Amino acid sequence: MADNIAKKEEIKTQILGKLKRHFGKTLEEATKDQIYKSCALSIRDVIVEKWTDANKQVLNQGLKRLYYLSAEFLMGRALVNNMINLHLLKDYQEVLSDMGISLDDIEEQERDAGLGNGGLGRLAACFLDSLSTLDLPVTGCSIRYEFGLFRQRILDGEQVEVDDNWLEAGNVWEIPRPEEQVEVRYGGELEEIWTDRGLKINHKNYYSVLAIPYDYPVIGYMSKMPATLRLWSAKAKTGLDMHYFNRGDYARAMQERELAEVISKVLYPEDNHEQGRQLRLKQFYFFTSATMQHMVHKHKANYGDLHTLPNYFTVQINDTHPTLAIPELMRILMDEEGMGWEEAFDICGRMFNYTNHTIMSEALERWEEDMFKELLPRIYEIIKVINDKFCSRLWDVYPGEWDKISKMSIIAYKEIRMANLCIAVCSKVNGVSKLHGEIIKSRTFRDFYVVFPDKFLGITNGITHRRWLAKANQPLTRLLADHIGDGFLKDYKEMDRIADLLDDPKFLDDFMEVKRQNKIRLRDHLKKTQCIEINENTIFDVHAKRLHEYKRQLLKVLHILHLYNLKKENPAVQLEPCTFIFAAKASPGYARAKNIIRLILAVADLVNNDPDTRGVLQVVFIENYSVSEAEIMIPAADISEQISTAGLEASGTGNMKFMMNGAVTLGTMDGANVEIYEAVGEDNIFIFGATEREISRMERYGTYKPGEYYEQNTDLRQALNRLIDGTLPVANDRQFSDLYHSLLFGDMDRADKYYLLYDFASYSQGYERAVSAYQDAARWKRMAATNTAKSGVFSSDRTIHEYNDKIWRLREMT
C-alpha cells in the first residue's frame, strides 16, 4: 500500500514538474493541452530510458535488427496505449482524478498522427507493438508527413477534403536527430569513369534534399525492447536565398526550400497528373534512400565490414511503395563502397523480403519509364541491369516465350514494375492470409511461382489486442481479466480460455451488458461530435473501411434500399430495428468512390426522414474515420460487414477487430474471413455470396450477365431503380445514373465487375439469417462471446512469430 502511494506521488510530481519546466505553469494555470503534454512527457521519459538501454543491449549482443519499410504507419493516439503497455493506466487515472482531471478529457487533446490511411498503415503499427512486446529489435521507417491524407468533412451531402495539419501543435513523442541527416539526390547525369579499380559512376548536376530523421519510440506490452519508428522529414540544403531576398523577390528566395520540403508535406498526393506522380516517386525514393544510407552508416560504425550486413539487418518491404530500397542499397554498395555487382546483389538478395497486399493489377505499382529515368538516372540504370539479368534467367526457363517473359520482366512497355522487381530480388514473398497466399501462387504471380516456388508463402495478418481490446474496450478487458486473469495481454493463447465461459449464463449476461454500454458510448459520442442521435436498442450493423468499389459499400446501400422498399410497400411489415453505420474515406481523385459516399448520405436523408421507416431503419455516416473513431465504434458493433468480392480482399484486419470485440461477421469467403469461419465455426458467422473459384470461372468464360439478375430479381430491380427514379433527395436533382450504368452496362471493360448483382440475393438471405439470430437473445450472446473467445489467433503477436520463424530469424533481446 505504501509503495502504491509513493508511486502515485512520484507520478504527480513528474506531471507538475513537466508543467513547470516545459510550460512555466502551475496546475491551476495550465490548459488541457499542456496537461496532456506533461503527462505524455512523463510517460515518454519511462519509455526512452528502456529504449536507450535496449538499443545498447542490441549492439552489445550483436542482434539482428529488422527494418520495416512502409509508406504508412497509422499509429492512433499514443498516451493511453502507452499507459496500458507500461501497466500504468490505473495509476495515472487515479492520480489525475485526485487532481480533479479526467484522463478522457486529457486524451482528447492528442491528435491522431497523420501517417496512414487504412489497413496497410494500421497493420504496420500493430507490428511495431507486437515486435516490441516480443522483445525483438525493429526500426520502422517512413515519412514524417506534415499533413495526413485529409480531414473528411461532409458538406451539402458530399465529402469535402480539408487539410489535416496534425503536427500543428507539435508531436510530444518524437525526438529529432538532426546529427543523423543524410542527402538524397535527384536528376542529373551519369558519367562513366574507368579507373585502375574498374568502372566508377560519377553522378553530376543533380539536385539534392536533406532527410532529417525524427525517432518515435513505440513500447509494447511489458516490453524490455521498445520499437523505433524513424520518420524522415525533407529539408532544402540551402535556406533562404539572400540574393533574391535582398532584391525583394521573396517568393523566389523561398522557392528552393519549398520545392524540397513539399516531399514530406502530404501523405499520398493525388497522382492523376504528372506533377503528382513525380512527387510520389520522389517521396518513396526519399525515405528508402535515407533509410538505406542510415543503415549502412550505422553498420560501418558498429561492425565495419559491409559483407556482414545480412547478419545484422533484414528488411521487410510492406507493399510496393518502399521497393526502391533494393536498387538504392545496390547503388550505395557499388558506387560508394566499391563492391562489385555480384557481391552487392548477393547481399541484397539475402536481406530483402516483400509483403504483397493486393491481387488487383492496378494496385501493383508501376512507374513511367521516361519519368523515372529522368528523376532517378542511377537507380534506373541499376534496375535495367537487374532486369536484363533476370530476363536472361527467365529465358532459360521459358525459352522463346517472349510474351510471358515480357509480362514477368521488371521493365517493359515503357513502365517499371515494382512488384516484379521485388520478386526478382527478394528472398521471400508473402501473402497476408491463407487464401491470399494461394491466390498469389496460383493466379497473381503464377509464372513466377513456377520459377521460384520456395519464395512464396502466406502469413495471415493480425491486430494488437492491446490497442483493439485493452485500449478500445476497457470494460470488456476488465470482464475478461476478472475471469481468466490479464495474462492474455502478453500471451494471446490465454484468450482460448474464454471458451470455458461460454456456458456461464452470468458471464454471457455481463458480456452483453458491456456491449450495451459500448453502444451507449457510441451514441453519446455521435451526439456530441456530429449532432446525430441513434437508438442503442437497435442492431448496430457496421461497414467501416476504406471506400473502394471492391469493398462493396454499394451492395450494402442497395440492400438498405430494398428494406426501405419493403416498408413502403407494406407499412405493416415487421422489420427488426437496425442502425446501419458507415465510416469511410474516398481518395480525392476517386470519383466513383466519392459518388458512393454521396449515395450513402442521400439514402440516409431518405430513410431517416420518412415516417414509414423513421425509428425502424437509420443510416449513419461517421465523418472523418480514424483510429480514434474506430476505437469507439468497433466495440459497439453487433454485425460486422465484411462483404468484399471474394478473391479481392487480401486479408482485412477490420474483420479481426470487430470479431475480437464480440461482433458477428456477415461476409464473403474472402481474405481472413475464411480463417475466421474456420475459427468460430459455421454457426457463429454468416457467410454468403460467390466464392473466389466461382468468380474466377465466370471471369474466365465470360458467363456473368448482370442484366439477367436485374430482370429476374424484383427486389434487386426495385432497389436499383431508386438510383435514377427521382426518389433520392439530392441537390439539383442529381441522381446516380453513373452507379446505375456501371452495374448494368459497364465502363470500358464490363458491367458490375465486382459482382454486386450476382451476390445481392445471397446477401439479403445472409442478412435475414443474422437478424433471426439476433432476435434469439440466448443464441446471439453466445455467438458474440464465441467470436471474442476465438479471436486470440488473430493477434499480431502470432503473425510476428510466423514472420520471424519463416523469414527474419531475429533473436529476442536477453
Side-chain angles (χ1 to χ4, degrees), residues 36 74-84 89 93 102-114 116 118-119 121-122 125-126 148 151-154 164 166 463-479 511-546 579-585 618-641 653-663 784 787-788 791:
Y36 151 68
L74 192 58
M75 301 302 294
R77 292 171 175 160
L79 180 66
V80 173
N81 196 74
N82 285 340
M83 290 177 180
I84 290 169
L89 176 61
Q93 284 175 326
S102 164
L103 178 57
D104 291 341
D105 288 344
I106 296 307
E107 185 189 17
E108 285 297 316
Q109 306 308 306
E110 183 174 2
R111 294 281 294 271
D112 277 50
R122 189 52 234 170
C126 286
R151 283 187 299 129
Q152 182 192 55
R153 291 290 174 258
I154 302 300
D164 176 24
W166 72 280
I463 60 171
T464 169
H465 50 295
R466 273 78 59 178
R467 168 74 65 172
W468 294 107
L469 190 58
K471 166 70 168 66
N473 200 342
Q474 293 178 32
L476 181 55
T477 303
R478 287 193 293 269
L479 175 64
F511 188 94
M512 294 312 294
E513 175 58 21
V514 166
K515 178 67 69 174
R516 191 181 76 84
Q517 292 300 323
N518 285 327
K519 292 168 85 167
I520 291 172
R521 180 174 68 146
L522 177 60
R523 178 201 69 187
D524 295 344
H525 175 73
L526 289 177
K527 185 174 182 179
K528 176 183 176 182
T529 58
Q530 291 187 227
C531 298
I532 294 174
E533 296 196 13
I534 61 175
N535 180 2
E536 71 275 14
N537 298 311
T538 62
I539 301 174
F540 280 15
D541 179 320
V542 182
H543 192 307
K545 51 186 76 249
R546 181 168 49 90
T579 302
F580 301 103
I581 300 172
F582 292 88
K585 287 183 177 181
Q618 184 176 7
V619 180
V620 174
F621 188 91
I622 294 181
E623 188 179 65
N624 200 41
Y625 189 46
S626 64
V627 174
S628 295
E629 293 290 335
E631 289 172 2
I632 298 173
M633 181 196 67
I634 288 173
D638 294 306
I639 295 176
S640 165
E641 296 277 355
T653 52
N655 46 7
M656 303 170 189
K657 296 162 193 167
F658 282 104
M659 173 201 190
M660 188 173 282
N661 283 277
N787 272 266
T788 298
S791 66

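The structure presented is a predicted model; accordingly, all values stated were derived computationally and were not measured. One is the number of the first residue; the rest follow in order along the sequence.
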For the pair Leu89 and Leu103, evaluate side-chain contact (heavy atoms from CB on, under 4.5 Å) and give the outcome as yes or no after the intermediate values. CA-CA 10 Å; Leu89 176 61; Leu103 178 57; 3.6 Å; yes
Name of the residue among [options] meeting side-chain contact (heavy atoms from CB on, under 4.5 Å) with [X]:
X: Arg77; options: Val627, Asn82, Asp112; result: Asp112
X: Trp468; options: Lys657, Met656, Met659; result: Lys657
X: Phe621; options: Ile154, Ile532, Ile581; result: Ile154

Search all heavy atoms of [X] against all heavy atoms of [Y] and return the closest pair with its distance.
X: Phe511; Y: Gly662; value: CZ-CA, 3.9 Å
X: Gln109; Y: Asp105; value: NE2-O, 3.2 Å
X: Pro635; Y: Ala472; value: CG-O, 3.4 Å
X: Ile622; Y: Met633; value: CD1-SD, 3.8 Å
X: Met660; Y: Leu476; value: O-CD2, 4.1 Å

By salt bridge (charged side-chain N to carboxylate O under 4.0 Å, His left out), which residues pair with [X], not counting sequence neighbours?
X: Arg523; answer: Glu536
X: Arg467; answer: Glu631
X: Glu629; answer: none
X: Arg153; answer: Glu623

Point-to-point distance, once rounded to the nearest 0.5 Å, from [atom1] of [X] to [atom2] of [Y]:
X: Asn473; Y: Ile632; atom1: CG; atom2: CD1; result: 12.0 Å
X: Tyr36; Y: Leu79; atom1: OH; atom2: CG; result: 6.0 Å
X: Tyr625; Y: Arg546; atom1: OH; atom2: CZ; result: 13.0 Å
X: Ser628; Y: Glu107; atom1: OG; atom2: CD; result: 6.5 Å
X: Arg151; Y: Ser626; atom1: CZ; atom2: OG; result: 11.5 Å
X: Asp164; Y: Asn624; atom1: CG; atom2: CG; result: 7.0 Å

For [Y], is there any backbone N or O sitting under 3.5 Å from a side-chain donor or acceptor partner on [X]?
X: Gln517; Y: Glu513; value: no
X: Asn518; Y: Ala636; value: no
X: Glu110; Y: Ala78; value: yes
X: Arg122; Y: Met75; value: yes

[X]: which residues meet the side-chain hydrogen bond (donor to acceptor under 3.5 Å, both in side chains) condition with it, sequence neighbours left out?
X: Thr464; answer: Asp129, Arg466
X: Asn655; answer: Asn673
X: Gln530; answer: none
X: Thr579; answer: Thr538

Who passes side-chain contact (heavy atoms from CB on, under 4.5 Å) against [X], sequence neighbours left out?
X: Asp638; result: Lys515, Lys519, Ile539, Phe540, Tyr774, Trp780
X: Ala637; result: Val542, Phe658, Ala663
X: Thr529; result: His525
X: Asn537; result: Asn535

Applying side-chain contact (heavy atoms from CB on, under 4.5 Å), run through Val80 and Gln474 and close with a yes or a no. CA-CA 11 Å; Val80 173; Gln474 293 178 32; 4.1 Å; yes
